[in-house]
Structures are given as structure tokens and as C-alpha cells.
Novice: 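One structure, as C-alpha cells, below. Some questions next.
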Amino acid sequence: MRKRGIVIFLALCMLILVIGCEQETQQAERGKDWDYTVVAVRDCPEDLLKELEEKKINPFQMTYMDGEFLYIVAGYGEQPTGGFSIAVRGLYEMGDKLCLETELLGPGRDETVKQKASYPYIIIKTEKTDREVLFEH
């Protein structure tokens, strides 16, 4: 019985060590932050808006290039009410990729919301790049 306890203890220690090393590697890969602007719908290219209108009912991620700019869009699909928003947690390099971290924020407890479905999405505008974009929620 005592040997089994020692084996379980050692297995747990190894698991904690592996998880810790993996997290450290992931943090080490995060590169420089990228400049970006959150863009209002009225300031977006028409073709991009047409695509958004078709996709907004379901969760989606997409990129769109226009001239010298890259638009990165994250949508969270249909929500039961109004009052939802999206926070950008970061836009940064991760190895040879570009990573956008967003989070869906629900309405506050004291907030009055429309009892009508909403389709929250956020449009980020940054410099044009050939990097693959990763989306983190």
C-alpha cells in the first residue's frame, strides 16, 4: 500500500512539472504586442460588411485584407439579449503567427438590456501582414 502511495505521489509531481513547463514554454513564445484599432462598422469596407452579415448568427473568426490593412474579426454568434460586448485581451506575435485574444462580456446585473437577440462581434484593424492569425477566446 505504501509503495502505491509513493508511485501516485511521484506521478502527480511529474504531471505538475510537465504542466508547469508547458505553460512556461507558451509564455516564452509570446512576442511583441501589435498596434491595432477597434473599427466602427461605418468605417469598414463594404465587402467585409457583407461577409459579416452572412456569418454573424454563428460564432466565427475571419480576416480580410484591404489595401495596406488587415482586418481581424471575431464574432460570438447569436446571444439571447442585448448588452453583450467583446474585450480585446491582446494582439501579439506568437512565433511566426499573430494571435488575437478576445473575451465575450455579458450584460451587467443592473444593466437594462433589450430582450431581443444580438450578434456581438469586434473588428480590429492593423497593418497588413502575411502571418497566419490565431484566435483565442
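None of these values were measured; they are calculated from a predicted model. Atom set for the values below is all heavy atoms of this structure, side chains included, hydrogens, waters and symmetry mates excluded.
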Novice: A side-chain contact here means heavy atoms from C-beta on lying under 4.5 Å apart; do Y119 and E78 qualify?
Specialist: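 Yes. Closest side-chain heavy atoms under 4.5 Å.
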Novice: Please identify each residue that fulfils side-chain contact (heavy atoms from CB on, under 4.5 Å) with P107, with sequence neighbours left out.
Specialist: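 side-chain contact (heavy atoms from CB on, under 4.5 Å) list for P107, sorted by chain: T81, F84, E111, V113.
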Novice: Is there side-chain contact between L100 and I124, with heavy atoms separated by less than 4.5 Å?
Specialist: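 With C-beta onward as the side chain, the pair touches.
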Novice: More than 12 foreign heavy atoms under 6.0 Å from CG of D33: is that the case here?
Specialist: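 Yes, the 6.0 Å shell around CG holds more than 12 heavy atoms from other groups.
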Novice: Consider only side-chain heavy atoms of I, L, V, M, F, W and Y, link residues closer than 4.5 Å, and tell whether L49 and Y64 are in one cluster.
Specialist: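 Per the 4.5 Å side-chain linkage, L49 and Y64 are co-clustered.
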Novice: Which pair of heavy atoms, one from I123 and one from C44, lies closest together, and at what distance?
Specialist: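 Taking I123 first and C44 second, the nearest heavy atoms are CD1-SG, 3.5 Å.
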Novice: Donor-acceptor pair, distance only, cut-off 3.5 Å: does the side chain of R131 make one with the backbone of G95?
Specialist: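 Confirmed, R131 side chain pairs with G95 backbone.
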Novice: Can you confirm whether M62 sits close enough to L52 that some side-chain heavy atom of one is under 4.5 Å from a side-chain heavy atom of the other?
Specialist: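 Result yes, sub-4.5 Å side-chain heavy-atom pair found.
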Novice: With a 6.0 Å cut-off (strictly less than), is the heavy-atom count around CG of D130, excluding the residue itself, greater than 12?
Specialist: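 Atom CG in D130 is not packed in, count stays at 12 or less.
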Novice: Look up atom OG1 in T126 and atom CD in E68, then write down how far apart they are to the nearest 0.5 Å.
Specialist: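 Rounded to the nearest 0.5 Å, the OG1-CD separation comes out at 11.5 Å.
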Novice: Measure the CG-CD distance between D35 and E127 for me, rounded to the nearest 0.5 Å.
Specialist: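 CD of E127 is found 7.5 Å from CG of D35.
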Novice: Mind checking whether I86 and V88 sit in one hydrophobic cluster, side chains of I, L, V, M, F, W, Y counted as touching below 4.5 Å?
Specialist: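 I86 clusters together with V88.
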Novice: Measure the shortest side-chain to side-chain distance between W34 and T129 over non-hydrogen atoms and say whether it is less than 4.5 angstrom.
Specialist: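 They are in contact (side-chain heavy atoms under 4.5 Å apart), so the answer is yes.
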Novice: For the residue pair Y121 and F60, categorise the inter-ring angle as parallel (less than 30°), tilted (30 to 60°) or perpendicular (more than 60°).
Specialist: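 If you compare the ring of Y121 with that of F60, the planes turn out tilted.
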Novice: Tell me the closest heavy-atom pair linking P120 and G77, and the distance in Å.
Specialist: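 Nearest pair, atom of P120 first, then G77: CD-O, 3.4 Å.
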Novice: Can you find a pair of side-chain heavy atoms, one from K125 and one from D43, that are under 4.5 Å apart?
Specialist: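 No, side chains not in contact.
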Novice: Rounded to the nearest 0.5 Å, what separates atom CD in Q61 from atom OG1 in T102?
Specialist: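 Rounded to the nearest 0.5 Å, the CD-OG1 separation comes to 8.0 Å.
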Novice: Going by side chain to side chain contact (heavy atoms under 4.5 Å, CB included), T63 matches just one of L98, V73, V133. Which one?
Specialist: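 With T63 as partner, L98, V73, V133 yield a single side chain to side chain contact (heavy atoms under 4.5 Å, CB included), made by V133.
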Novice: Do you know the tightest heavy-atom contact between A87 and L105?
Specialist: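 Nearest heavy atoms, A87 then L105: CB-CD1, 3.8 Å.
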Novice: Measuring from atom CZ of R89 to atom SG of C99, what distance do you get when rounded to the nearest 0.5 angstrom?
Specialist: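 Answer for the CZ-SG pair, R89 versus C99, is 13.5 Å.
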Novice: Can you name the one residue among E101, K97, K32 that meets side chain to side chain donor-acceptor pair (under 3.5 Å) with Y92?
Specialist: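 Answer to the side chain to side chain donor-acceptor pair (under 3.5 Å) test with Y92 among E101, K97, K32: E101.
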Novice: Would L134 end up clustered with L70 when hydrophobic side chains under 4.5 Å apart are linked, directly or stepwise?
Specialist: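 No: no chain of side-chain contacts under 4.5 Å links L134 to L70.
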Novice: Is there a path of hydrophobic side-chain contacts, each under 4.5 Å between heavy atoms, that joins L91 and V38?
Specialist: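 Both belong to a single hydrophobic cluster.
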Novice: Are L48 and Y36 connected into the same hydrophobic cluster when the rule is that any two of I, L, V, M, F, W, Y join if their side-chain heavy atoms are below 4.5 Å apart?
Specialist: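 No.
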